[in-house]
Amino acid sequence: MRRPNTSSAYERRNVQLAGKAVSYTLKRSNKRRTIGLRIDDRGLTVNIPLRASEKWLSSVLHEKAEWVVATLSKWEAKKSSAPQWVDGEPILFQGETYTLRLVASLFDTPPQLNRTQLVIHTPLPHDPKAVERIVVQWYRQQALQLFVDCVAHFAPLMKVQPREVKLSSARTQWGSCTTRGTVRLNWQLIRMPLPLIDYVVIHELAHLIEMNHSAAFWHLVEKMCPDYLQLRAKLKNWTSISAG
């Protein structure tokens with residue numbers, strides 16, 4: 001079969017991997033030299049060189065078959081538990097579960113968190129997208145304030161001076177740190193228990209001293225967070241996103 005004479009081409013395919021039918025997107029590119037597999041909420045994407053052989057592609061897919069099937073299963077489980085943004089739904093905030101309460105209202109009242117509920121006043125209580133926008137905006141506001149406070153607490157103890165703290169919406173990282181001192185933290189951390197948030201903050205602040213994941217870096221993290229290995233393992237259980 002003649003391959004497209006273009007710099008890149010997309011194709012939907014199906015394959016049997018580890019006894020399971022798997023659909024994936026095949027992307028050919030003349031800029032690639034190796035075969036790469038990526039799994040996210042859109043499923044499996046396989047990036048290959050423009051003239052890669054079918055034999056090479058099949059070999060890589062079957063070599064990674066167990067990983068592909070296991071990772072896709074995790075994403076499916078995550079999708080099934082994704083918020084529906086309806087009244088009465090449980091939502092997470094700082095590791096605690098609250099009930100989402102939607103109140104029809106024409107007034108622009110900020111979300112209210114009480115002992116058991118997050119109350120949202122909105123003219124569109126039956127519009128999941130509208131509700132999601134309100135809750136996410138509230139999450140981001142709460143996250144930025146908490147992250148700034150956490151950084152202000154740990155930075156002096158670690159003898160570092162970050163230039164600024166920003167929110168991140170990264171799909172693959174809980175946090176990042178630049179050589180210029182900008183710390184970015186994923187707003188979705190606000191759903192997690194405080195010890196996990198503290199760990200990610202400490203992790204990124206340590207990068208202001210060690211811009212790597214060397215033994216010296218992990219020693220810095222351990223000094224501030226002796227149980228970082230347990231926290232790191234718990235963090236991985238939340239999603240496939242990881243700290244940078």
Side-chain angles (χ1 to χ4, degrees), residues 36-42 45 67 70-79 81-83 90-98 132 135-155 157-158 160-244:
L37 279 63
R38 185 184 76 246
I39 296 176
D40 55 24
D41 57 351
R42 291 166 291 189
T45 300
W67 174 82
T71 307
L72 284 173
S73 296
K74 289 181 181 179
W75 273 105
E76 287 300 320
K78 181 184 175 184
K79 281 184 178 180
S81 62
I91 64 168
L92 287 169
F93 179 70
Q94 293 185 19
E96 299 292 334
T97 301
Y98 294 84
E132 179 181 10
V135 176
V136 169
Q137 182 181 20
W138 180 79
Y139 268 147
R140 291 176 66 91
Q141 291 170 345
Q142 300 298 313
L144 183 58
Q145 184 59 60
L146 178 61
F147 298 163
V148 168
D149 291 345
C150 285
V151 169
H153 173 75
F154 287 111
L157 298 175
M158 299 176 71
V160 295
Q161 294 181 316
R163 292 182 59 184
E164 59 183 336
V165 178
K166 291 186 175 182
L167 292 183
S168 161
S169 299
R171 298 171 65 88
T172 59
Q173 288 183 314
W174 287 123
S176 64
C177 179
T178 70
T179 54
R180 299 186 64 182
T182 298
V183 174
R184 289 183 172 86
L185 299 163
N186 198 306
W187 67 266
Q188 295 193 58
L189 285 165
I190 198 64
R191 295 187 172 110
M192 299 184 186
L194 285 172
L196 293 183
I197 299 173
D198 287 346
Y199 161 68
V200 176
V201 169
I202 291 167
H203 183 118
E204 300 311 329
L205 291 178
H207 278 312
L208 293 173
I209 302 172
E210 296 284 343
M211 290 298 292
N212 51 53
H213 288 111
S214 63
F217 167 83
W218 290 114
H219 180 66
L220 288 170
V221 173
E222 187 174 24
K223 283 177 66 177
M224 292 302 304
C225 189
D227 58 344
Y228 82 93
L229 286 175
Q230 294 92 325
L231 293 172
R232 189 180 175 195
K234 290 179 180 178
L235 190 65
K236 289 182 178 180
N237 289 331
W238 280 78
T239 71
S240 61
I241 296 175
S242 63

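Nothing fancy with the numbering, it's 1 onward along the sequence.
Not a single donor-acceptor pair under 3.5 Å links the side chain of Asp198 to the backbone N or O of Cys150. Proximity of a side-chain donor or acceptor of Asn212 to a complementary backbone N or O of Phe217 within less than 3.5 Å is not detected.
Counting only heavy atoms from C-beta outward, the side chains of Val221 and Tyr199 approach each other to under 4.5 Å. Residues Val183 and Phe147 form no side-chain contact, since every pair of their non-hydrogen atoms from C-beta on lies 4.5 Å or further apart. Counting heavy atoms from C-beta on, the side chains of Pro83 and Ile91 never come closer than 4.5 Å. Between Gln137 and Arg140, the closest side-chain pair of non-hydrogen atoms is not below 4.5 Å. Between Leu235 and Met192, the closest side-chain pair of non-hydrogen atoms falls below 4.5 Å. Contact check for Gln94 versus Leu146: side-chain heavy atoms found under the 4.5 Å cut-off.
Note that the CG atom of Leu37 and the OG1 atom of Thr45 stand 9.0 Å from one another [nearest 0.5 Å]. Atom CE of Met211 is separated from atom OG1 of Thr179 by 6.0 Å, given to the nearest 0.5 angstrom. Phe154 contributes atom CZ, which lies 8.5 Å from atom CG of Leu205 (distance to the nearest 0.5 angstrom). Atom OG of residue Ser169 and atom CD of residue Gln188 lie 7.5 Å apart, to the nearest 0.5 angstrom. Distance CG/Leu220 to OH/Tyr228: 11.0 Å, rounded to 0.5 Å. Atom-to-atom distance recorded for Ile190:CD1 and Ile197:CD1 is 5.0 Å, nearest 0.5 angstrom.
Taking the six-membered ring for Trp and thresholds of 30 and 60 degrees, His203 and Trp218 have ring planes more than 60 degrees apart, a perpendicular arrangement.
The nearest pair of heavy atoms linking Ala206 to Met158 is N-CE, 3.7 Å. For the pair Leu196 and Lys234, the tightest heavy-atom approach, listed with the atom from each and the gap, is CD2-CB, 4.0 Å. Of all heavy-atom pairs spanning Cys177 and His207, the tightest one is CB-CB, 3.9 Å. Nearest heavy-atom pair, Pro90 versus Thr97, reported as atom, atom and distance to 0.1 Å: CB-CG2, 3.7 Å. Summarising the geometry of Arg184 relative to Thr182, their closest heavy-atom pair is NH1-CG2, 3.7 Å, with the distance given to 0.1 Å. Looking at every heavy atom in both residues, Leu231 comes nearest to Pro195 through CD1-O, 3.8 Å.
Scanning for salt bridge (Lys or Arg N to Asp or Glu O under 4.0 Å) contacts around Glu164 gives Lys166, with sequence neighbours left out. Under the rule for a side chain to side chain donor-acceptor pair (under 3.5 Å), the partners of Asp149 that lie at least two apart in sequence or sit in another chain are Gln145.
Side-chain atoms of Thr178 and Arg163 form no donor-acceptor pair, as typed in the model, at a separation below 3.5 Å.
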